[in-house]
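Below, chains carry the letters A, B, ... as their sequence lines are ordered, and counting in each starts from 1. Values in this document were obtained by computation on a predicted structure and should not be read as measured data.
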Amino acid sequence: MSPVLAIHGGAGVILRASMTADMEAAYHEGLRTALQAGHAVLSKGGKALDAVVAAVMALEDDPLFNAGRGAVFNAEGRLEMDAAIMDGSDRRAGAIAGLCGPRNPILAAKAVMEKSDHVFFAGPGAAAFCRSAGLVMEDESYFRTERRWKSLQDELERRRTGQADDNDEARKHG
Amino acid sequence: TVGAVALDSAGHLAAATSTGGMTAKAEGRVGDSPVIGAGTWAEDNTCAISATGHGEIFIRHAVAHEISSRMRWGGQSLKKAAEGIIAEIAPLGGSGGLIAVDGEGNVSMPFNCSGMYRGVVRGDGSLETAIF
C-alpha cells in the first residue's frame, strides 16, 4: 500500500486578491513544511494517525494559519481553539473545544482519545484535562498575532458602523 | 481551519482537524468544523475526511460521516461522494470544502468557495501545493 497524505490550511481573512507574491510563497512553504512532516512519518512505515498529527502540528506552529499559534479572536477579543482527531482503524476519536492554552490543540484532542474514556471535552474542563495530561500550555499572548487582532478590529468596526458584509466566502469560516 | 488526512502503508486511515474558528465568532460557539462526524471522520475501508467551512451547515448535514455512508451504502466513489455533498450544501449556505482520502489512496479535495489552501504528498515524496 502506497501511503498518501493531504492537508488543508485556512488563512482566515487573507484574501487571494490581496496576497502579495512574498505572502503566497510563504503560504506554499508552510504547506510544504506540513506535508514533509507528515511524509516523514509515513515514509518510515509510521501510522496514519501519527502522520496527520505531525502535519497538523506544523500548521498549528505556523502563525500564517489560523489554528494554534495563529488562532483567531472571538467577538469578545478572546482566543478559543477547537480540534478533533479520529483513527480509522478502530474508530477511536477525541476532540476539544472552547479553550485557550494547549500549544498544539491537536495534541489535546489526541490526549482525549488516548488518555480518557471520553470523546469530547469543552471549556474549563478541557483546559484542566490538558494540564492533567501533561500537555504544554501557553498564555494567550503566545497565540496572539497582530494580524489576527487587526482582523478582529476590522470586523468589529464593520459591524459597529453597519457596513455591509462583502459576502466574501473566505471570511465565513475559520 | 487546518487539517490532514492520511493512508498509511498498513492500509489504515486517520483524520485530524484544528481551528481557531471564525474571526469575531460568538463566544462559546462551536460552529467550525472540528466536530466528529461533521468535519472530522476516519473509517478504514471507506475514507478519512477533514473539513473547513461554515460549521453549522457541516454539523447539520454530518458532512464527513455522510461521505463515508454514501461510499458504504451507496457504493459511490470517494470523488462522487465528496464532490456531491459539497455541491449540495453550497446553496444552503454551506460554504467551504474538505480533503478526503480513501482506502485505496485516492484523494479528493472539493470546495465551493475561495480562500482554500491545499497540499498532497504521495508515497514517492512528490509534493503538490495550491491556493485558491
Chain B-proximal positions within residues 44-56 of chain A [heavy-atom distance under 4.5 Å]:
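If one takes a 4.5 Å heavy-atom cut-off, the residues of residues 44-56 of chain A near chain B are G45(A), G46(A), K47(A), A48(A), L49(A), A51(A), V52(A), A55(A), V56(A).
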
Answer yes if the side chains of [X] and [Y] hold a donor-acceptor pair under 3.5 Å, and no otherwise.
X: H28(A); Y: T129(B); answer: yes
X: T1(B); Y: H8(A); answer: no
X: T20(A); Y: D22(A); answer: no

Picking from [options], which has the most non-hydrogen pairs under 4.5 angstrom with chain B?
options: H39(A), R32(A), M81(A); value: H39(A)
options: A67(A), A95(A), A84(A); value: A84(A)
options: G77(A), G88(A), S2(A), G123(A); value: G88(A)
options: P105(A), S89(A), G38(A), G98(A); value: S89(A)
options: E76(A), R159(A), E80(A); value: E80(A)

Given that the side chain runs from C-beta out, which part of [X] has a heavy atom under 4.5 Å from chain B: side chain, backbone, both or neither?
X: V119(A); result: side chain
X: S43(A); result: neither
X: L152(A); result: both

Straight-line distance of N112(B) CG to I85(B) CD1, nearest 0.5 Å:
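Going from CG on N112(B) over to CD1 on I85(B), the span is 11.0 Å.
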
Using non-hydrogen atoms and a 4.5 Å limit, figure out which bit of V5(B) sits close to chain A: side chain, backbone, both or neither.
both

Contact part of A51(B) toward chain A, heavy-atom cut-off under 4.5 Å: side chain, backbone, both or neither?
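Just the backbone, heavy atoms under 4.5 Å.
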
Are R148(A) and F73(A) in a cation-pi setup, meaning NZ or CZ lies under 6.0 angstrom from the ring centre and within 45 degrees of the ring axis?
no

R103(A) to Y142(A), cation-pi by 6.0 Å centre distance and 45° axis angle
yes

Verify the ring-centre separation between F121(A) and H118(A): is it less than 6.0 angstrom?
yes

Taking all atoms of both residues into account, what is the closest heavy-atom pair of I106(A) and S18(B), and its distance?
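Scanning both residues, the minimum pair turns out to be N-OG, 4.5 Å.
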
For the student: nearest non-hydrogen atoms of S95(B) and C113(B), plus distance:
CB-CB, 4.2 Å

E66(B)/R70(B) ion pair, N-O < 4.0 Å:
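A salt bridge is present here (some side-chain N lies under 4.0 Å from a carboxylate O).
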
Is the closest basic N to carboxylate O distance between R144(A) and E140(A) below 4.0 Å?
no

Go through R118(B), H12(B), E27(B) and name the one with the most non-hydrogen pairs under 4.5 angstrom from chain A.
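Of the candidates given, the most pairs with chain A belong to E27(B).
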
Residues of residues 37-47 of chain B contacting chain A, heavy-atom criterion under 4.5 Å, by residue number:
T40(B), W41(B), A42(B), E43(B), D44(B)

Would E60(A) and F65(A) count as a side chain to side chain contact (heavy atoms under 4.5 Å, CB included) if you check the C-alpha gap in whole Å, the side-chain angles of each, and the deciding distance to 0.1 Å?
CA-CA 7 Å; E60(A) 288 178 336; F65(A) 301 102; over 6 Å; no

